[in-house]
Visitor: 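Take a look at this one; I'll ask things after.
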Amino acid sequence: MRQAIKEGVETSTRNGAYLIWRTGEILREDGGDLAELPSRRTLYRLLDRLAVGTHTTGSAVTRRSKAHGAAAPFGELTVSAPGEVMQIDSTPLDVMVRLDDGVVGKVELTGMIDVASRTLTAAVLRPTTKSVDASVLLARTVTPELMRPGWIDALKMSRSVLPHRRLLTIDERLDHAAAKPVIVPEMIVCDHGKVFVSHNFRASCRFLEIDFQPTHKGSPFEKGHIEKMLGSVATMFAQFLPGYTGRNTDHRGRHPEEENLWSLPELQDLLDEWIVAKWQNRPHEGLRDPDHPGRLFTPNQKYAALVEACGYVPVALSGQDYIELLPAAWRAVNSYGIRINNRTYDAPELGPMRRRDSGITAKRGLWEVHRDPYDVSRVWVRNHRGEWVQATWKYLNRAPVPFGDLAWDHVSHQLPKATEEELAEAVAALLTRAHTGPARPTAKKSRKAATAKKDRRVAARTKATTPTAATTPPPPSTQNEPAPHEPAEEDETMAEVIPLGLFDPLEDPWKRS
């Protein structure tokens, strides 16, 4: 029976009847006599005794977590400075969001927390988390959170417990900052998600000289601080929003998508304000005074105490540094420019690099190109001097609205043999169609209607990470215009029409008719 319980750790949850049957099968495979088994009531009592604390017939997630937990006493990672150890993770947010034009969907939350002070340094909401989002999270971690219109003065750093005056003499960026510390990571702990183990995120960590430390597979307890934080966001923030779905289908209400939902940019602003106003000023259970265990510290108070002993080193990121955090690709610079995913980019500054070898033998002489997946209108190429050269998409004037790889790939699958110019026009038409809104509902949904709904969803997910572009007003309707044969509302008196005669060059002009 212990073997049957152990076999069910990674499988779906089954009841006690299956476990008793599996126990008999194990005995049969070992050559045992099933006639010597006790009664089923006795077997159930034995199963209850052996399955205590294992969640054998309960939640599969809890069962795996208990089975993969540490058998020895938990160790304590001692941290004494902000940024010494930080943890990053992502999870779906239990809130329905209105992406664009009424398209409703769910988003993912990616956050980073400092273990020493429990400061939530940054949190990003995206329809689908990509490696560039993790890099953007790093940039936001080392960048001050500026005050925004509508925030009260109590959220300013100058009015918080943080040592604003002393920090301002070191970092001028904190002049108009909100009450949230700026922490430079020294080590980042993450799981084996493809977003965090990607080449782009590792390159971003190397650029900022951050130690990258992935956990063991199937060991979420090794980054328990960020796991707890993501759960706290759901209970302390998400459940107060319209469109809250609960953690699973058992906790979901009826039609949460019909509530008055927030858009993605609005929800991001609300989350940023909640972090500054609530999370950073909430006493944390893990921040207790060793000499006075009954006293709890807030993340801001803990950071203020630690920075007095450890100091503060500002890291100012410029636009060039942000380009360094974008995903990289290696391409050749030809006479027509650079081609990435059937898109051609060109700029006059690429002249010295055309049809030239970059000198990097490990990359076969190709050039390093960085791009933003959420805006395919431009890329950046590193030249021989290490400077970034911006190259613009050749057909940018055909589709001036920035769109990402999601919209491009969606149209590319519909038109597999289309040229680059046709793809640009198709993507621009897709965004225009989606912005116009759905057509009149019909009694029976056709395949064409389902495709249009998918087009709107792709455009909405793309627009969630790009600036809103102005659209061309629709042409005036011609349904109410009068027909040509109908008289106008106000009849006017028509003058007498005198036809012109034919010109005869032989006719005497002085002859009277």
Side-chain angles (χ1 to χ4, degrees), residues 79 81-90 93 109-125 133-186 188 208 210 225-226 228-230 232-233 236-238 265-284 286-287 296-308 310-317 322:
V79 289
E84 185 176 354
V85 177
M86 303 186 71
Q87 298 177 358
I88 186 174
D89 198 6
S90 62
L93 190 66
L109 169 64
T110 305
M112 182 179 296
I113 191 173
D114 175 46
V115 176
S117 63
R118 302 300 197 274
T119 297
L120 183 54
T121 57
V124 176
L125 295 176
D133 298 324
S135 300
V136 171
L137 199 69
L138 281 177
R140 296 191 61 177
T141 298
V142 298
T143 305
E145 184 73 45
L146 299 180
M147 290 291 296
R148 303 180 188 179
W151 289 15
I152 60 177
D153 292 340
L155 300 183
K156 292 183 178 180
M157 183 180 290
S158 58
R159 300 187 57 184
S160 65
V161 298
L162 299 173
H164 178 256
R165 288 187 177 181
R166 297 182 59 184
L167 296 177
L168 185 60
T169 58
I170 305 174
D171 193 350
E172 297 180 354
R173 301 175 302 165
L174 302 178
D175 188 11
H176 303 285
K180 190 179 71 172
V182 180
I183 300 179
V184 180
E186 297 181 11
I188 293 182
L208 296 178
I210 300 173
H225 299 290
I226 187 66
K228 182 65 175 179
M229 185 277 295
L230 295 175
S232 299
V233 172
M236 299 172 57
F237 174 72
E266 293 172 337
L267 187 58
Q268 180 70 61
D269 292 339
L270 287 175
L271 178 60
D272 295 337
E273 185 176 2
W274 177 83
I275 293 174
V276 177
K278 177 66 176 178
W279 181 269
Q280 292 300 122
N281 298 288
R282 167 181 170 266
H284 200 282
L287 302 178
L296 300 180
F297 287 97
T298 65
N300 280 350
Q301 292 173 346
K302 186 66 175 180
Y303 175 83
L306 292 176
V307 78
E308 291 291 337
C310 305
Y312 171 75
V313 179
V315 175
L317 289 183
Y322 178 75

Visitor: Quick one, Glu266 and Leu270 - any side-chain contact, counting heavy atoms below 4.5 Å?
Guide: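 They are not in side-chain contact.
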Visitor: Whether Glu273 and Lys278 form a salt bridge (side-chain N of Lys/Arg under 4.0 Å from carboxylate O of Asp/Glu) is what I want to check.
Guide: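 Looking at Glu273 together with Lys278, the answer is no, because their closest N to O distance does not fall below 4.0 Å.
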Visitor: In chain order, what residues pass the ring pair (Phe, Tyr, Trp, His ring centres under 6.0 Å) check against Phe237, with sequence neighbours excluded?
Guide: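 If we apply the ring pair (Phe, Tyr, Trp, His ring centres under 6.0 Å) test to Phe237, skipping adjacent residues, the hits are Trp274.
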Visitor: Can you tell me how far apart CD1 (Ile275) and CG (Leu120) are? Round to the nearest 0.5 Å.
Guide: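 Answer rounded to 0.5 Å: 4.0 Å.
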Visitor: Output the distance between atom CG (Leu287) and atom CZ (Arg282), rounded to the nearest 0.5 Å.
Guide: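 Spacing of CG (Leu287) from CZ (Arg282) equals 9.5 Å.
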Visitor: Give me the atom names and distance for the closest heavy-atom approach of Leu138 to Leu208.
Guide: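 For Leu138 and Leu208, the tightest heavy-atom pair comes out as CB-CD1, 4.2 Å.
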Visitor: Do Leu174 and Leu162 have side chains that approach each other closer than 4.5 Å (heavy atoms only, starting at C-beta)?
Guide: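 Not in contact.
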Visitor: When rounded to the nearest 0.5 angstrom, what distance separates CE in Met157 from CE in Met147?
Guide: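 The CE atom of Met157 sits 11.0 Å away from the CE atom of Met147.
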Visitor: Could you check if a side-chain atom of Leu93 sits within less than 4.5 angstrom of a side-chain atom of Leu271, using non-hydrogen atoms only?
Guide: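 No - every pair of side-chain heavy atoms lies 4.5 Å or more apart.
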Visitor: Rounded at 0.5 Å granularity, tell me how far NZ in Lys180 sits from CG in Leu146.
Guide: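 Nearest 0.5 Å value for the NZ-CG distance: 10.5 Å.
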Visitor: Could you report the tightest heavy-atom contact between Pro181 and Gln280, atom names first, then the distance?
Guide: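 Answer, listing the atom of Pro181 first, then Gln280: CD-NE2, 3.4 Å.
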Visitor: Roughly how far apart are Leu109 CG and Gln268 CD, rounded to 0.5 Å?
Guide: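 It is 8.5 Å, given to the nearest 0.5 Å.
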Visitor: Give the minimum heavy-atom separation between Asp114 and Val85, together with the two atoms involved.
Guide: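 That closest heavy-atom pairing would be OD1-O, 3.5 Å.
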Visitor: Which heavy atom of Ala134 sits nearest a heavy atom of Ile88, and at what distance?
Guide: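 The pair with the smallest heavy-atom distance is CB-CD1, 4.5 Å.
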Visitor: Within the 4.5 Å heavy-atom criterion, are Asp272 and Arg148 side-chain neighbours or not?
Guide: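 Side chain of Asp272 against side chain of Arg148, heavy atoms only: contact under 4.5 Å found.
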Visitor: Looking at Ala122 and Thr141, what are the two nearest heavy atoms and their distance?
Guide: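 Nearest heavy atoms, Ala122 then Thr141: CB-OG1, 3.8 Å.
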Visitor: When you compare the side chain of Thr119 with that of Pro82, does any pair of heavy atoms fall below 4.5 Å?
Guide: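 Contact flag for Pro82/Thr119 side chains = no.
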Visitor: Applying side chain to side chain donor-acceptor pair (under 3.5 Å), which residue pairs with at least one partner in residues 81-90 are found, sequence neighbours left out?
Guide: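 Applying side chain to side chain donor-acceptor pair (under 3.5 Å) to every pair that reaches into residues 81-90, excluding sequence neighbours, yields Asp89-Lys223.
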Visitor: Would you compute the distance between atom CD1 of Ile226 and atom NZ of Lys228 and round it to the nearest 0.5 angstrom?
Guide: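 Rounded to the nearest 0.5 Å, the CD1-NZ separation comes out at 13.0 Å.
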Visitor: Going by heavy atoms in the side chains, are Asp175 and Leu168 under 4.5 Å from each other?
Guide: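 Yes - at least one pair of side-chain heavy atoms lies under 4.5 Å apart.
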Visitor: Could you tell me whether Arg166 atom CZ has more than 12 heavy atoms of other residues or ligands within 6.0 Å of it?
Guide: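 No, the 6.0 Å shell around CZ holds no more than 12 heavy atoms from other groups.
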Visitor: Specify the closest pair of heavy atoms between Gly111 and Leu137, including all atoms of both residues, with the distance to one decimal.
Guide: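 Taking every non-hydrogen atom into account, C-CD2, 3.7 Å.
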Visitor: Looking at side-chain heavy atoms only, is the closest gap between Ile183 and Ser117 below 4.5 Å?
Guide: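 Side chain of Ile183 against side chain of Ser117, heavy atoms only: contact under 4.5 Å found.
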